[in-house]
Number of protein chains: 2
Amino acid sequence: MTEPRATILVVEDDPDIRRFVAAALRAEGHQVAESADARRGGIDAGTHKPDLAIVDLGLPDFDGLELIRRIRAWSTMPILVLSARSLERAKIDALDAGADDYVTKPFGVGELLARVRVALRHRARTAGGGSVVRMGAAEVDLARRVATREGRPVHLTPIEFRLLECLARHAGLVVTHRALLTEVWGPTHASDTHYLRIYLKQLRDKLEDDPVRPRHLLTETGVGYRLVPDE
Amino acid sequence: MTEPRATILVVEDDPDIRRFVAAALRAEGHQVAESADARRGGIDAGTHKPDLAIVDLGLPDFDGLELIRRIRAWSTMPILVLSARSLERAKIDALDAGADDYVTKPFGVGELLARVRVALRHRARTAGGGSVVRMGAAEVDLARRVATREGRPVHLTPIEFRLLECLARHAGLVVTHRALLTEVWGPTHASDTHYLRIYLKQLRDKLEDDPVRPRHLLTETGVGYRLVPDE
DNA sequence: GGCGCGCGTAAAGATCCCGTCAAGACTCGG
DNA sequence: CCGAGTCTTGACGGGATCTTTACGCGCGCC
């Protein structure tokens, strides 16, 4: 499996180690940005939007932990800590601050690269996920609690919206009858699949281009329903 | 932030270590399943569908690496390796086989729990994210309950899907008639092998490139069936 | 070769599930 | 108190799915 090229940010004050790590990453085909202190690291993380950040804990200006927290405030990019501190306390603090992995110096290049591969693997899967779902001419904004069709707002009753919300939150995958019913009507009506038929029709009438041949609000016979977004 | 409770599978032959780890996890509020060897581990991973698997590399029956590969054949659940082998080669192999983290014995409980928190954090974001089985032009995403062929979605009925799921969970291995039947139709139909022929044909028609000469859904005459994924 | 056995294939019947329509009950604001 | 909007309930026809039945083929064995 050839790993895709990625841009990686290395934040490390020791120039030898920094260049050494950067060279190893470049040899793997990645694009590398280097920062020598935490302040620059924070800025570069914002400008380059790397797929992965490798940060040292012992930085000259302010602590690596603080840098991790600052990045975590606005991003979920994978962060790999590279540190000389081998104390368990330090590891726990870094991981709980939001780091995804912790490698102690001295380290093996091979292991580092393997852990980089793991992080990028994760990144590939996590990517994506906004709060607005597009389905043909219709759009659903989960955060603002509104649905539109061809730009015009579509009125949805409370139950209709909660149902649509459940489906949209799990966009692309099947939501079982039971799950939908307990979520919208409560556990007492967990077997009244009849409601679903009625309201699914309502939603299709309001949102689908051709309600008879739905392309986004699909039924999985005997199991549940599935909302398929565009793209 | 209080971490959500999760179910965690611990595969470890040494009973002392296993109980020690399990106790620590339970103290954190997690639900823990324990397996003493790789074979049981593979089965328990399928039945319990844990949010995280912690596996030892030195297992009595077959290697932990093999277990990792088998789980990876059908699931992307986080896997944390716990091993006495501290050689870099072992770490690289495990991580490249699909493990998400590698902790060497002896280890600190605090660090282990911190790394567990990291893994669960990941899972929360990836939630339900694909456990994909590739077979030629076809792909099956077990978590999303979707099958595709040459990019186009393929519709599977409930029984077809459950059958495929059973096979995929033991990807590469033979699953006996009895096992499939009891899993899908219940113990009462444990000898109606006829159903299997019918539904296997359905699956082959929908998924195989050449249904007459199946390359991924193979029959083991007199025993059962076997799903062979790509790679 | 005849035979049984296990498997693949096909198609028809039975069953369950879903979409659809419509009318009654409820809620809430005016 | 009234009415519009909303939710519930019932009934029915068509479709999807599951089950059943039937037949052909290859293989090994007596």
Length of the [atom1]-[atom2] vector between [X] and [N], whole Å:
X        : N      : atom1 : atom2 : result
A:Leu218 : D:dA16 : CG    : P     : 14 Å
B:Leu181 : D:dC18 : CG    : P     : 15 Å
A:Glu160 : D:dT8  : CD    : P     : 12 Å
A:Gln202 : D:dT6  : CD    : P     : 10 Å
B:Leu203 : D:dC18 : CG    : P     : 11 Å
B:Arg197 : D:dT21 : CZ    : P     : 14 Å
B:Leu163 : D:dT19 : CG    : P     : 12 Å
A:Ile198 : D:dC12 : CD1   : C1'   : 13 Å

Respond yes when some side-chain nitrogen or oxygen of [X] is under 4.0 Å from OP1 or OP2 of [N], and no when none is.
X        : N      : answer
B:Trp185 : D:dT19 : yes
B:Tyr199 : D:dT17 : no
B:Thr157 : D:dC18 : yes
A:His194 : D:dA11 : no

Starting at the 5' end of DNA chain C and moving along, which residue's nearest nucleotide shows up first, A:Thr219 or B:Glu220?
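Checking each residue's closest nucleotide, the 5'-ward one belongs to B:Glu220.
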Side chain of B:Tyr195, heavy atoms from C-beta onward: which of D:dC7, D:dT17, D:dT20 has the nearest atom to it?
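Within the option list, the nearest is D:dT20.
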Any heavy-atom pair between the side chains of A:Leu196 and A:Leu180 that's under 4.5 Å?
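A:Leu180 vs A:Leu196: side chains touch.
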Identify whether any heavy atom of A:His189 sits under 4.0 Å from a base atom; if not, whether one sits that close to sugar-phosphate; answer base, sugar-phosphate or nothing.
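It contacts nothing in the nucleic acid.
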Outermost DNA chain C nucleotides near chain A [under 4.0 Å, heavy atoms]:
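From 5' to 3', the first and last contacting nucleotides are C:dC17 to C:dC21.
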Would you verify whether the NZ or CZ of B:Arg39 falls within 45 degrees of the ring axis of B:Phe62 while also being under 6.0 Å from that six-membered ring's centre?
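So B:Arg39 doesn't make the cation-pi contact.
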Return the minimal non-hydrogen interatomic distance between [X] and [Y], and the atom names on each side.
X        : Y        : answer
B:Pro187 : B:Thr182 : CA-CG2, 3.9 Å
B:Cys166 : B:Glu183 : SG-CG, 3.0 Å
B:Arg226 : B:Leu167 : N-CD2, 4.4 Å

B:Glu220 CD: over 12 foreign heavy atoms closer than 6.0 Å
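More than 12 within 6.0 Å, yes.
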Should the ring pair A:His177 and A:Tyr225 be called parallel, tilted or perpendicular, given that the plane angle runs from 0 to 90° and is split at 30 and 60?
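A:His177 vs A:Tyr225 ring planes: perpendicular.
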